[in-house]
Amino acid sequence: MELVNHTTRLVNQAYWLIKIRWLATTALCLLTSLGHIVFKLDIRELALYIIAIALICENMIALLWLYWLNRSGTIDNRAVIKRVIFFQIIVDLFIVTSLIHFSGGIQSPFVFFYMFHVVLWSIMLAMTNISYLVASIAVILLGSIALLEYKEILPHNNLPILKHLTQTLYQDSFYVIGMLSVFAVTLYFLVFMTSMVSKRLRRQEEAYKEANEKLHQKDTIKNEYVLRITHDIKGHLAAINSCLSVVTSNIYGELDEKQKEFVERAYARSIQLINFVRDLLRLTRVRLEEKFEKSEFSLRQTIIDTIENNIKYARDNLIELNASIDPNVENITGNQFSIQEVLYNLLMNSIQYTHPGGDINICAKDQNSHILIEVIDTGVGIPEEEQELIFNEFYRGSNVKKFSKSGTGMGLSIIKQIIIRHGGNIWVSSKIGEGSTFSFTLPKE
Amino acid sequence: MKNAKILLVDDDPDVVVSIKAILENQQYRVVTASNKEEGQEKLASEKPDLIILDVMMETKHDGFEMSREIRSDPQFDNMPILMLTSIDEVTGVNFKAAMVNKEWLPADGYLDKPVEPKDLLSEIEDLLAQES
């Protein structure tokens with residue numbers, strides 16, 4: 001899982017608040033027009049429409065503010081983004097207060113709307129002090145409305161549905177004080193709980209992040225260790241191989257039949273072991289590379305070159321090699337050498353496991369942001385239960401050993417690592433006796 | 001170009017003796033050196049026709065430095081340099097790609113260790129033919 005940077009998350013949340021507000025504005029407009037046009041209810045529709053306009057204005061200001069931050073490049077500044085969110089929450093509190101005033105004051109069911117802001121603030125910023133401040137502002141705003149309506153300084157508006165039942169509750173001091181107290185306690189308790197939970201989650205996230213980094217470091221150390229040791233082993237192997245090659249070349253005279261056979265066995269095994277070590281080194285090297293050096297190159301040309309370089313080898317094995325490349329497939333950004341290695345190795349595998357008379361097709365298709373490349377052969381195929389496993393290190397298909405004893409079982413792991421490092425994906429579909437299709441994607445950029 | 005004089009610089013004595021045997025079998029005259037300093041001395045005194053250089057000797061950069069020094073010396077700027085090494089696996093340098101940049105890695109050929117005698121011999125033949 002990718003851990004999202006805190007500031008990026010805040011920016012997303014700022015936009016998310018704006019989105020939610022558009023929804024709230026639409027709902028407010030719809031309900032108000034439904035109330036006074038369809039049901040002909042006695043509501044303060046003008047005031048409610050003005051509130052909707054205020055919401056729209058708030059959203060426009062917030063959007064412009066974010067746009068300006070984006071342009072000036074200060075969008076990464078955490079404090080600045082916090083200000084945008086704080087502005088939205090405070091303005092929202094005032095708007096909710098006016099909505100409550102026009103929908104029944106202390107009797108309005110919309111008093112619960114304050115909770116959204118308190119919860120949002122506590123979760124988004126995990127700054128307990130400011131969350132209590134937001135809760136306090138809400139309590140003060142609701143208290144002021146209740147007091148002003150109680151003292152009849154502000155006119156009281158009734159929700160039409162409550163008209164017959166509770167007309168005078170806002171004049172009842174017990175009700176007002178009781179309601180305000182329960183409201184305040186609920187809000188503060190809400191801040192307390194959400195802050196606690198979100199703090200705990202944040203701490204956990206930090207711990208995971210740290211553990212992940214440590215794991216990554218250890219993996220790097222392990223890979224460097226493998227690299228160093230394998231390199232040293234390869235040095236010795238190269239020397240052994242080099243010395244044996246002098247004997248197999250008969251430089252110092254011919255060996256007798258038996259001597260020759262054993263030296264040649266040893267020579268062949270040293271080459272096998274060197275190939276194994278070479279693959280292990282390559283795999284470890286790909287793993288260790290933090291970033292591939294990427295540049296723009298012609299994928300079309302790379303595919304054509306790979307085919308041209310191997311067409312003779314395929315024909316020697318009586319295998320037909322074809323390619324179909326979409327006209328749109330041209331340049332991509334990537335590491336050309338590694339992609340060439342992927343194509344070459346996939347093609348070699350296909351040739352190796354295809355019987356004489358078979359054919360191999362390489363297709364490249366343009367898929368908007370990606371290119372899909374398929375290497376399709378009519379070879380021996382891979383048993384279904386092994387198709388997932390063949391990309392694992394050291395895994396060799398059960399039916400390929402009779403074709404080649406010397407495979408290292410790392411070729412496909414190297415390919416997979418390279419493709420993943422390019423942000424692509426690789427998979428296989430295959431049927432025993434009918435052939436295999438290796439498909440991989442590469443992003444254009 | 002039989003009888004050509006080849007300077008072989010490698011710090012692995014077993015590799016040196018075996019490559020020397022293979023080359024001498026083909027009537028090449030072989031001079032060996034086991035480090036950069038010895039290599040430079042032999043280069044000056046023997047004036048070889050071609051040099052086979054192990055990139056990674058005692059320190060990672062010995063072979064690199066030596067190839068650059070050879071190229072900057074006007075009396076050797078035409079002498080073919082054959083790099084014989086497996087350095088790319090440790091340093092991440094992609095030799096085949098780096099060969100394009102002659103300033104950075106002034107070598108004319110590159111073979112991965114260990115190399116089959118026939119590959120080594122045909123590469124040497126090619127390089128010597130290009131020179132003459």
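Below, read A as the first sequence line, B as the second, and so on, with proteins coming before strands; counting in each chain starts at 1.
- Counted within 6.0 Å of OH on A:Tyr267, heavy atoms from surrounding residues, nucleotides or ligands total more than 12; the atom is thus considered enclosed.
- The two residues A:Ala239 and B:Asp12 have their closest heavy-atom pair at CB-OD2, 3.6 Å.
- Here the CD1 atom belonging to A:Ile240 is positioned 11.0 Å from the OG atom belonging to B:Ser18, to the nearest 0.5 angstrom.
- Distance CZ/A:Arg278 to CG/B:Asp112: 4.0 Å, rounded to 0.5 Å.
- Looking at B:Ile19 and A:Ser242, their side chains come closer than 4.5 Å, going by heavy atoms from C-beta outward.
- Residues meeting the side chain to side chain contact (heavy atoms under 4.5 Å, CB included) test with A:Asn345, sequence neighbours left out: A:Glu341, A:Ile415.
- A 4.5 Å side-chain heavy-atom check between B:Asn25 and A:Ser249 finds every atom pair outside the cut-off.
- Contacts of A:His422 classified as ring pair (Phe, Tyr, Trp, His ring centres under 6.0 Å), with partners at least two apart in sequence or in another chain: A:Phe292.
- Options A:Val247, A:Ile271, A:Ile274 differ in how many heavy-atom pairs under 4.5 Å they form with chain B, and the most are formed by A:Ile274.
- A donor-acceptor pair under 3.5 Å is formed between the side chain of A:Lys234 and the backbone N or O of B:Lys113.
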